[in-house]
There are 2 protein chains.
Amino acid sequence: MVLCDVPRPRNANATRQAILEAARERFCAESYDDVGMRDVARDVGVDAALISRYFGSKEDLFLSVLDSCKNGRDLMEGDRADFGQRLATEVVYGEAARCEADPTGEKMRGLLILLRSIGSTKAMDVVQRTANNRFFDPLTQWIGGEDAAVRARLASGLIMGMAIGRELSDGFSALTEEQRGRLRDRMAKALQGLIDG
Amino acid sequence: MVLCDVPRPRNANATRQAILEAARERFCAESYDDVGMRDVARDVGVDAALISRYFGSKEDLFLSVLDSCKNGRDLMEGDRADFGQRLATEVVYGEAARCEADPTGEKMRGLLILLRSIGSTKAMDVVQRTANNRFFDPLTQWIGGEDAAVRARLASGLIMGMAIGRELSDGFSALTEEQRGRLRDRMAKALQGLIDG
DNA sequence: TGGCCTTGTCATCAGGCGTTGACAAGCGTC
DNA sequence: GACGCTTGTCAACGCCTGATGACAAGGCCA
C-alpha cells in the first residue's frame, strides 16, 4: 500500500535533523534495546538504511541524540535557593517524563534518556560516561564546598529515583492532586536540604 | 569439545532449583532483555530447551525468580528508628548491588532485579506490578499515619535512586572510604527524615 | 538535453532470540 | 531383561535486529 502523502523534499540536513528528533523521542520513551532503527525510520518516513548512512551505527545515533540534548548544567541555572523547588516541580509535574515538546521538560530530557537505557549492557558505557560528565560532575562543581561529591550523589540519587518512581507509578496517578502538591513540597525541601548540607 | 565433568544427576527438583538460582543471578546483573535463555542454561550446564519445559516462557521464569526473592517487607523488619541507617548501609556498602550470596544483600535482591529491568518494555508490566505490590504498598502501610503514601514515594525514590547511582558509578568507587562513610550517614539521616515526616 | 553528484530505496546478509517437537539416555518396576 | 516414564539433548523454526552494497530517482550545472 502506497501512502499518497507528499514525498519528503530532498534535503539532507532537514532529513538528518528529522531523524535526530525522531530518535530523541524514541530513546526518551523506550530503552536503547527497545528502540529499533526501523521504528525511527518509519517515524520520519524514510528507509532505515539512511540512518546508517547519516549516523553510522546505532550507538553513534544514540550519542548524537545525547549530544543534542540540553546539558545537565541547565538544571542548575537559576536561584540556588529555589533549586529544590524547581527540580521537584519538574519531576512531579513536568511533562518531561512524557517527553513532550514543552520547554519545561526540555531540561530533563537528557537525564530521562539516560534513565531509560540504564540496565542495557550495550549502552552502559555511554550511559555511565554521559551521566558522570553531564550530570554528576557539573552538579558536584555547582554544589561546591565541603562534601560536595557526597551531597551531589545524594541529590542526584533522589532526583533519579523520583523520576523512576514516576515512571513506575504512571506519573503518580494513584495520588490525589493535593497529595501530589505535598509530594512536590516535601521533595523540594528534602532536595534543598541535601544540597545545602 | 566435551567437558569431562561429572554429568548432572537426574533430579528434576534440583535442576529446576539450579535454573532458578542461575536466572536470579543473571536477572540481578543484567536487564530482562539482556538475559538470554541460553546464558542461563549454560550457567547451569543444561540445555536451554529444558528451561522452557520447566518454567514455560521467559516471562514466567522472570516471575518465578521474583517470587523466589525476599519480599519488600523484609527491608522493614527491625527497629523503626534505625530504618534509615540500615537501608543506607545496605545501599552504600551492601554487596547486594553486586548480587553476591551474602545474607546482607539478600533483602535488596528483589528490588535490584526490578531496577535492572526498568526500561524494558517487555518486562514493564511485571516490573510495575511487582514494585507496587512488593515494595511501595508495604512501605506505605509500614510508614502509616499522615501522608504515608507521599512519604513512601519519597523514601523509595531515594533508595532506588541511590541504588542506581551506585551502579552508574561502579559502587561509588570515586569516593574515598571516608566519603563513603559520610554518604552513608547523610543518606541515613535523609531517609529517616523522610519516613518520620 | 545530457551528464553527474546527491539523496533515498530495496533486497539481502549474518547473527541472535525464544520456543518447539522429535529423539536419546537414565532409571525404577514388573 | 524389557517396558515405560522421567529427564535431558539436539536440530530446527520463525522472527527480528543492525548493517551493507547495489540500484533508482531527484535536481543542479554545463
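All of these numbers come straight from a predicted model, not from anything done at the bench. Lettering follows sequence order; numbering is per chain, from 1.
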### Task
Select one nucleotide: of C:dT7, C:dT20, C:dA22, the one nearest the side-chain heavy atoms of B:Ala49.
C:dT20
### Task
Quick one: label B:Tyr54 by what it contacts on the DNA or RNA (base, sugar-phosphate, nothing), any heavy atom closer than 4.0 Å.
sugar-phosphate
### Task
Test A:Lys58 against A:Met37 for side chain to side chain contact (heavy atoms under 4.5 Å, CB included), laying out the working first.
CA-CA 7 Å; A:Lys58 182 182 181 180; A:Met37 299 286 95; 3.4 Å; yes
#### Entry: Pi-cation contact, B:Phe55 with B:Arg16 (under 6.0 Å, within 45°)
yes
### Under-4.0 Å salt bridge between B:Asp39 and B:Arg42
yes
### Message
If I take atom CD1 in residue A:Ile51 and atom C1' in nucleotide C:dC10, what distance separates them, rounded to the nearest angstrom?
### Response
15 Å
#### Entry: Whole-Å distance separating the CZ atom of A:Phe55 from the P atom of C:dT7
14 Å
### With sequence neighbours excluded, residues passing ring-ring contact (aromatic ring centres under 6.0 Å, His included) with A:Phe83
A:Trp142
### Message
Students often get this wrong, so: under 4.0 angstrom with heavy atoms, is B:Ala12 touching a base, only sugar-phosphate, or nothing?
### Response
sugar-phosphate
### Message
Heavy atoms only, 4.0 Å cut-off, all strands: where does A:Val44 land among base, sugar-phosphate and nothing?
### Response
nothing
### Query
Among the nucleotides C:dT7, C:dG18, C:dC10, which one has an atom lying closest to any side-chain atom of A:Asp47?
C:dC10
### Summary
Between CZ of A:Arg38 and P of C:dA11 the distance, given in whole Å, is 13 Å
### Query
How close or far is atom P of C:dC17 from atom NZ of B:Lys58, stated in whole angstroms?
9 Å
### Message
Expressed as a whole number of angstroms, how long is the span from B:Leu50:CG to C:dG21:P?
### Response
16 Å
### Summary
chain B reaches DNA chain D, atoms under 4.0 Å from its heavy atoms, from D:dT6 to D:dA12
### Query
So, B:Asp67 versus B:Ser64: side-chain donor-acceptor pair below 3.5 Å or not?
no
### Charged N-O contact under 4.0 Å between A:Lys107 and A:Asp74
no
### Query
Just checking, any donor-acceptor pair under 3.5 angstrom between side chains of A:Arg184 and A:Thr89?
yes
### Task
Please figure out whether A:Val35 or A:Arg53 has its closest DNA chain D nucleotide nearer the 5' end.
A:Val35
#### Entry: Position toward the 5' end of DNA chain C (nearest nucleotide), A:Asn13 or B:Ser52
A:Asn13
### Query
C:dT12 P sits how many Å from A:Met37 CE, rounded?
23 Å
### Message
So A:Val40, base contact, sugar-phosphate only, or nothing? Heavy-atom distance under 4.0 Å.
### Response
nothing
### Task
Starting at atom CZ of B:Arg26, determine the distance to atom C1' of C:dC17, rounded to an integer number of angstrom.
15 Å
